[in-house]
Amino acid sequence: MPTLETQQFSVSFGPQHPSTHGVLHLQMDLDGEVIVNCTPHIGYLHRDFEKICENRTYTQIIPFTDRLDYIGAMNNNFGYCLTVEKLLGVVIPERAEYIRVIIAELNRIASHLLAVGTFVQDLGAFGTPLLYCFREREMILDIFEMTCGARLTYNYYRLGGVSADIPEGFVQKVKDFIRYFRPKLTDYHRLITNNAIFLIRTKDIGVLSKEKALNYAISGPSLRASGIKFDLRKEEPYSIYPRLEFDIPTRDSGDCWDRYIVRMEEMEQSLRIVEQAIDKIPEGDFIAKLPKIIKVPPAELYFRTESPRGELGFYLISDGSTKPYRLKCRAPSFSNLSVIAELVKGVKIADVIAILGSLDIVLGEIDR
């Protein structure tokens, strides 16, 4: 009797596919439905961010940082401005410090809402969870719009502070959002967290061990879901974070469910941060007094902050002119995506969607 033999074949996932979260191409070798090998191909969105920055003044670079992780653009503004300010030795007004942290944490919530909504949709829950997440996210975007006039790429932070003071009604609108959103997190848990189908699709899928996470320089929620309690807001505190009380959520398994639940718990912690900061905003200037033409003293510095996706770092070399000699961006999504080939080996093709969605990548900061 003849033996039955199977033959491996190759499948292209993306670059034009709704579940790739951008123009990402995964070349997958399959044995039946099981992934044998996966090779990610990036670069479809490359736009030469770092070289552009070397030909712009330090202030002109700020709107280009918006286009990296455009879902967490405020945090990109924040990280870049802090890097330049460290080299300048600028003292930021207290009011500006509080405004920056409030805005950054609201953007973290907005980013996690998009991550959770699209993740659940990728797994087949069309409609309700995604629309709920977008409904709450719109409230944050309304706050951003009334503050800086934009809803996606904000260009709000400035060297020395922010571009404009918070408008009348800002504090009340933020407090209203906190009161509204906290019970909604409980609703999300009831709807998603322990849903039987959701558990089957995420538990013990795409397990990322502590060792592998460290070897691949994973950061952010994906690192903390693997049991490593590392958050730059605590480990290397910046701005006013040392004055605020908040916890760092972690899990131990490092699977898709753990990465989801860490983001859910981080939204609660961001609410705590905003709640404390909004009541303590001091009076004063919203931006430091700096010369119109900014020249950074010759020096070099790497400075990192905690973006919604992990460690966002800027390495800056100044030659004393009005433009950086060299600017390098360390994007968390790039490192987080690099482990995808390891995570999908041996799983079925349907689980690739879950694993990729749980990593919460943004191709804008991967390609740069």
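Only this structure's heavy atoms are used, side chains among them; waters, hydrogens and symmetry mates stay out. By convention here, the first residue in the shown sequence is residue 1.
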Query raised in the report: Does the side-chain hydrogen bond (donor to acceptor under 3.5 Å, both in side chains) test come out yes or no for Thr193 and Tyr260, once each step is laid out?
Result: CA-CA 9 Å; Thr193 303; Tyr260 153 80; 2.8 Å; yes
Query raised in the report: Can we say Arg304 and Glu236 salt-bridge, meaning some charged N sits less than 4.0 Å from an Asp/Glu carboxylate O?
Result: yes
Requested in this report: Please check if Ile261 and Val207 belong to a single hydrophobic cluster, counting links between Ile, Leu, Val, Met, Phe, Trp and Tyr side chain heavy atoms closer than 4.5 Å.
Outcome: no
Query raised in the report: Between Tyr80, Phe78, Phe286, which is the residue that forms a ring pair (Phe, Tyr, Trp, His ring centres under 6.0 Å) with Tyr157?
Result: Phe78
Requested in this report: For Gln16 and Tyr44, test the side chains for any donor-to-acceptor distance below 3.5 angstrom and give the result as yes or no.
Outcome: no
**Report entry** Whether Arg259 side chain and Gly206 backbone form a donor-acceptor pair below 3.5 Å
**Finding:** yes
Requested in this report: Mind running salt bridge (charged side-chain N to carboxylate O under 4.0 Å, His left out) on Glu54 and Lys323 for me, showing each step along the way?
Outcome: CA-CA 6 Å; Glu54 293 169 17; Lys323 303 171 184 177; over 6 Å; no
Query raised in the report: Could you walk me through whether Asp252 and Lys210 pass the salt bridge (charged side-chain N to carboxylate O under 4.0 Å, His left out) check?
Result: CA-CA 9 Å; Asp252 295 320; Lys210 288 182 180 181; 5.5 Å; no
Requested in this report: Using distance alone, with no hydrogens and no angle criterion, decide if Asp319 and Ser321 have a side-chain donor and acceptor under 3.5 Å apart.
Outcome: yes
Query raised in the report: Under a 4.0 Å N-O cut-off, is there an ion pair linking Lys229 with Glu235?
Result: no
Requested in this report: Drop me the distance from Arg137's CZ to Phe144's CZ, to the nearest 0.5 angstrom.
Outcome: 9.0 Å
Requested in this report: Just do the salt bridge (charged side-chain N to carboxylate O under 4.0 Å, His left out) check on Glu275 and Lys175 with the steps written out, would you?
Outcome: CA-CA 7 Å; Glu275 202 167 35; Lys175 289 182 176 180; over 6 Å; no
Requested in this report: Check for a donor-acceptor pair, side chain of Glu365 on one end and backbone N or O of Ser333 on the other, with a separation under 3.5 Å.
Outcome: yes
Query raised in the report: Does the distance from a Lys or Arg side-chain N to an Asp or Glu carboxylate O, for Arg224 and Glu306, drop under 4.0 Å?
Result: yes
Query raised in the report: With a cut-off of under 6.0 Å to the ring centre and 45° to the axis, is Lys234 in cation-pi contact with Phe246?
Result: yes
Query raised in the report: Ser111 and Arg309: side-chain donor and acceptor closer than 3.5 Å?
Result: yes
Query raised in the report: Are Glu85 and Arg100 close enough for a salt bridge, meaning some N to O gap below 4.0 Å?
Result: yes
Report task. May I ask you to decide whether Arg179 forms a salt bridge with Asp176, counting only side-chain N to carboxylate O separations under 4.0 Å? Result -> yes
Report task. Kindly compute the distance separating CD1 (Ile178) from OG (Ser270), expressed to the nearest 0.5 Å. Result -> 10.5 Å
Query raised in the report: In Å and rounded to the nearest 0.5 Å, what is the CG to CG distance from Asp258 to Leu208?
Result: 10.5 Å
Report task. Taking atom types as modelled, find out whether His112 and Glu266 have a side-chain donor-acceptor pair closer than 3.5 angstrom. Result -> yes
Query raised in the report: Is the cationic atom of Arg135 (NZ for Lys, CZ for Arg) positioned less than 6.0 Å from the six-membered ring centroid of Tyr132 and within 45 degrees of its normal?
Result: yes
Query raised in the report: Between Cys81 and Ile62, is a side-chain contact (heavy atoms from CB on, under 4.5 Å) present by the stated rule, with each step listed?
Result: CA-CA 8 Å; Cys81 287; Ile62 298 171; 3.9 Å; yes
Query raised in the report: Using a distance-only test with no angle check, is there a side-chain donor-acceptor pair under 3.5 angstrom linking Thr39 and Gln27?
Result: no
**Report entry** Any donor-acceptor pair under 3.5 Å from Asn215 side chain to Glu211 backbone
**Finding:** yes
Report task. Would you sort out whether Gln8 and Leu30 count as a side-chain contact (heavy atoms from CB on, under 4.5 Å), showing the intermediate values? Result -> CA-CA 5 Å; Gln8 291 185 16; Leu30 282 77; over 6 Å; no
Query - Cluster overlap Ile109 with Val174, hydrophobic side-chain contacts below 4.5 Å - result: yes
Query - Distance, nearest 0.5 Å, that separates CZ of Phe314 from OG1 of Thr305 - result: 7.0 Å
Query raised in the report: Are any of the side-chain heavy atoms of Leu191 and Pro129 separated by less than 4.5 Å?
Result: yes
Query raised in the report: Among the clusters formed by ILVMFWY side chains lying less than 4.5 Å apart, do Phe181 and Phe134 turn up in the same one?
Result: no
Report task. Indicate if Tyr156 and Ile61 have the same hydrophobic cluster label, given that clusters are the connected sets of ILVMFWY residues with side-chain heavy-atom separations under 4.5 angstrom. Result -> yes
Query raised in the report: Does the distance from a Lys or Arg side-chain N to an Asp or Glu carboxylate O, for Glu145 and Arg151, drop under 4.0 Å?
Result: yes
Query raised in the report: What do you reckon, is CD of Glu245 surrounded by more than 12 foreign heavy atoms closer than 6.0 Å?
Result: no
Query raised in the report: Just by distance, with hydrogens left out, do Asp66 and Asn77 show a side-chain donor and acceptor under 3.5 Å apart?
Result: yes
Query raised in the report: Under 3.5 Å, is there a donor-acceptor pair between the side chain of Asn55 and the main chain of Lys51?
Result: yes
Report task. Flag the pair Leu316 / Tyr302 as yes when at least one side-chain heavy-atom distance between them is below 4.5 Å, and no otherwise. Result -> no
Query - Donor-acceptor pair, side chain of Ser222 and main chain of Ile218, under 3.5 angstrom - result: no
Query - OG on Ser239 to CD1 on Ile99, rounded to 0.5 Å - result: 11.0 Å
Query raised in the report: Is the backbone N or O of Ile71 less than 3.5 Å from a side-chain atom of Asn107, with the two atoms forming a donor-acceptor pair by type?
Result: yes
Requested in this report: Determine yes or no for a side-chain-to-main-chain donor-acceptor pair under 3.5 angstrom, with Asp285 supplying the side chain and Ile287 the backbone.
Outcome: no
Query raised in the report: For residues Glu311 and Ser219, is any side-chain donor paired with an opposing acceptor at under 3.5 Å?
Result: no
Query raised in the report: What is the distance from atom CD1 of Ile240 to atom CD of Gln276, rounded to the nearest 0.5 Å?
Result: 9.5 Å
Report task. Check whether Val36 and Leu356 end up in the same hydrophobic cluster, where Ile, Leu, Val, Met, Phe, Trp and Tyr are linked by side-chain heavy atoms less than 4.5 Å apart. Result -> no
Report task. Let me know which of Glu300, Lys328, Arg330 forms a side chain to side chain donor-acceptor pair (under 3.5 Å) with Tyr315. Result -> Glu300
Query - Pairing of Asp351 and Lys348 as salt bridge, 4.0 angstrom limit - result: no
Query raised in the report: Regarding His21 and Asp360, is there a side-chain donor-to-acceptor distance under 3.5 Å anywhere?
Result: no
Report task. Please lay out, stage by stage, how Ile140 and Phe177 fare under the test side-chain contact (heavy atoms from CB on, under 4.5 Å). Result -> CA-CA 8 Å; Ile140 297 175; Phe177 170 74; 3.6 Å; yes
Query raised in the report: Do Asp367 side-chain atoms and Gly43 backbone N/O form a donor-acceptor pair below 3.5 Å?
Result: yes
Requested in this report: Establish, from distance only, whether the side-chain atoms of Glu136 and Tyr180 form a donor-acceptor pair under 3.5 Å.
Outcome: yes
Requested in this report: Using modelled atom types only, decide if a donor and an acceptor are shared between the side chain of Arg67 and the backbone of Pro63 within a distance under 3.5 Å.
Outcome: yes
Query raised in the report: How far apart are the C-alpha atoms of Leu130 and Val120, what are their side-chain angles, what is the distance that settles it, and do they pass the side-chain contact (heavy atoms from CB on, under 4.5 Å) test?
Result: CA-CA 7 Å; Leu130 179 68; Val120 178; over 6 Å; no
Query raised in the report: Can you find a heavy atom in the side chain of Arg233 that is under 4.5 Å from one in the side chain of Glu105?
Result: yes
Query raised in the report: Is it true that a side-chain atom of Ser318 and a backbone atom of Ala299 form a donor plus acceptor pair closer than 3.5 Å?
Result: no
Report task. Determine, for Arg243 against Glu94, whether the closest basic-nitrogen to carboxylate-oxygen distance falls under 4.0 angstrom. Result -> yes
Query raised in the report: With side chains defined as the heavy atoms from C-beta onward, is the minimum distance between Cys256 and Arg201 less than 4.5 Å?
Result: no
